[in-house]
Amino acid sequence: MSAITATSSRVVRSFYARPVLTVARDVIGKILVARSAEGVVAGRIVEAEAYRGPEDRAAHSYGGRRTARTEVMFGPPGHAYVFFVYGMHYNFNLVTGSVGEPQAVLIRALEPLVGLELMAARRGLPKEHSDLTNGPGKLCQALGIGRADYGVDLCKGRIFLTEGSRAVVARSRRIGIDYAGAWAKKPWRFFERGNRCVSKVSTRAQLR
DNA sequence: TGAATGATTTACT
DNA sequence: GTAAATCATTCAA
């Protein structure tokens, strides 16, 4: 195993048991690790978004909607909320806050650190490729995250966070939720300023 | 039961 | 810049 995953310890549950905006900001710079039979892959989180339902119209838990899909967000923090969209992509979230508060942080982009070869193989791209994990669907594919990871405990399972390094955090409005009216204008997207692994979006959303 | 749609990505023009 | 791919989830009937 690489030095990064061997020397760092798993982030504890109290990290997740805080308001979703706080976690979304603090998660920038942390390392996301995914172990599997195929090997270990890991990347530094450089972009994330907060979803603060039930008040947040952009959140799947808007209005307190409690279904099979959103159920994990109502449970304890530190678990994975994984969902499937557009008929072909998975997205990975961290459940935050306390029990009964259906909040989550969407991980939108990573800077690849460990297991680039495995990531590239899963993505069907050459190892040197620059688009391995610079998007929420892309990073799930690179980390092998899918339906089986729904609801898993990040304090125990194959997927977890470790301490990373400091990041200069900038913020903008969230991506792909224009249907959410006024909520779409909230600056609840956090990213590391200047990092080239941040997902490619319109220039206007990058600034601020 | 059926219809609409989406926290995206990719390949086009 | 636009559009296609593609299906689980959701809600209405």
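Predicted model only: the values in this text are computed from it and were never measured. Protein chains get the first letters and strands the later ones, always in sequence-line order, with residue 1 at the start of each.
- In this structure, A:Lys186 does not pair ionically with A:Asp56, as no charged nitrogen and carboxylate oxygen lie closer than 4.0 Å.
- Look at A:Tyr90 and you won't find any side-chain N or O under 4.0 angstrom from OP1 or OP2 of C:dA8.
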Each nucleotide N or O in nucleotides 3-6 of chain C that has a protein N or O under 3.5 Å away: list the pair and distance.
unit_1, atom_1, unit_2, atom_2, d
C:dT6, O2, A:Tyr86, O, 2.6

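- Put simply, the side chain of A:Phe15 does not reach to within 4.5 Å of the side chain of A:Glu163, judged on heavy atoms.
- Within the 4.5 Å cutoff, side-chain heavy atoms of A:Val82 are placed close to those of A:Ile145.
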For DNA chain B, the expected dot-bracket line (Watson-Crick or G-U under 3.5 Å, [ ] crossing, | inter-strand) is ||||||.|||||.

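- Taking atom CZ of A:Phe84 as the reference point, atom P of B:dT8 lies 13 Å away to the nearest angstrom.
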Using a cutoff of under 3.5 Å, can you pull out all pairs of nitrogen or oxygen atoms linking the protein to nucleotides 10-13 of chain C, with atom names and distances?
unit_1, atom_1, unit_2, atom_2, d
C:dT10, OP1, A:Thr67, OG1, 2.6
C:dT10, OP1, A:Arg69, NE, 3.4

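- For the pair A:Ile145 CD1 and B:dA7 C1', the interatomic distance rounds to 15 Å; values are reported in whole Å.
- Counting only heavy atoms from C-beta outward, the side chains of A:Trp188 and A:Val20 never approach each other to under 4.5 Å.
- Residue A:Tyr51 is found in a hydrophobic cluster whose other members, listed by chain and number, are A:Leu106, A:Ile177, A:Tyr179; membership requires side-chain heavy atoms under 4.5 Å apart, directly or through intermediates.
- Per the geometry, CZ belonging to A:Phe92 stands 14 Å off C1' belonging to B:dA7, to the nearest Å.
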Dump the pairs, protein N or O against N or O of nucleotides 10-13 of chain B, anything under 3.5 Å, distances to one decimal.
unit_1, atom_1, unit_2, atom_2, d
B:dT10, OP1, A:Arg123, NH1, 3.0
B:dT10, OP1, A:Arg123, NH2, 3.2

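- The side-chain heavy atoms of A:Tyr90 and A:Asp149, taken from C-beta on, include no pair separated by under 4.5 Å.
- Salt-bridge formation is not detected for the pair A:Arg123/A:Asp131: no Lys NZ or Arg NE/NH1/NH2 atom is positioned less than 4.0 Å from an Asp or Glu carboxylate oxygen.
- In terms of modelled atom types and a separation under 3.5 Å, the side chain of A:Arg171 and the main chain of A:Pro187 share a donor-acceptor contact.
- Distance A:His129 NE2 to B:dT9 C1': 12 Å, rounded to the nearest Å.
- Proximity of A:Arg18 to A:Thr96: side-chain heavy atoms (C-beta onward) are nowhere separated by under 4.5 Å.
- Under a hydrophobic clustering in which Ile, Leu, Val, Met, Phe, Trp and Tyr are joined whenever their side-chain heavy atoms come within less than 4.5 Å, directly or via other members, A:Tyr81 and A:Val85 fall into the same cluster.
- At a threshold of 4.0 angstrom between heavy atoms, the contacts of A:Ile177 are confined to the sugar-phosphate backbone, with no base atom among them.
- With sequence neighbours left out, the side chain to side chain contact (heavy atoms under 4.5 Å, CB included) criterion links A:Thr67 to A:Arg65, A:Arg69, A:Thr70.
- There is no path of hydrophobic side-chain contacts, each under 4.5 Å, that joins A:Val152 to A:Phe84.
- With A:Arg174 contributing its side chain and A:Ala50 its backbone, the two residues share a donor-acceptor pair below 3.5 Å.
- Atom CG in A:Leu106 sits roughly 13 Å away from atom C1' in B:dG6 (whole-Å rounding).
- Contact annotation for A:Arg108: backbone-only contact, meaning every heavy-atom pair under 4.0 Å involves sugar-phosphate atoms and none involves a base.
- Going from atom CZ of A:Arg57 over to atom C1' of B:dT5 covers 14 Å, rounded to whole Å.
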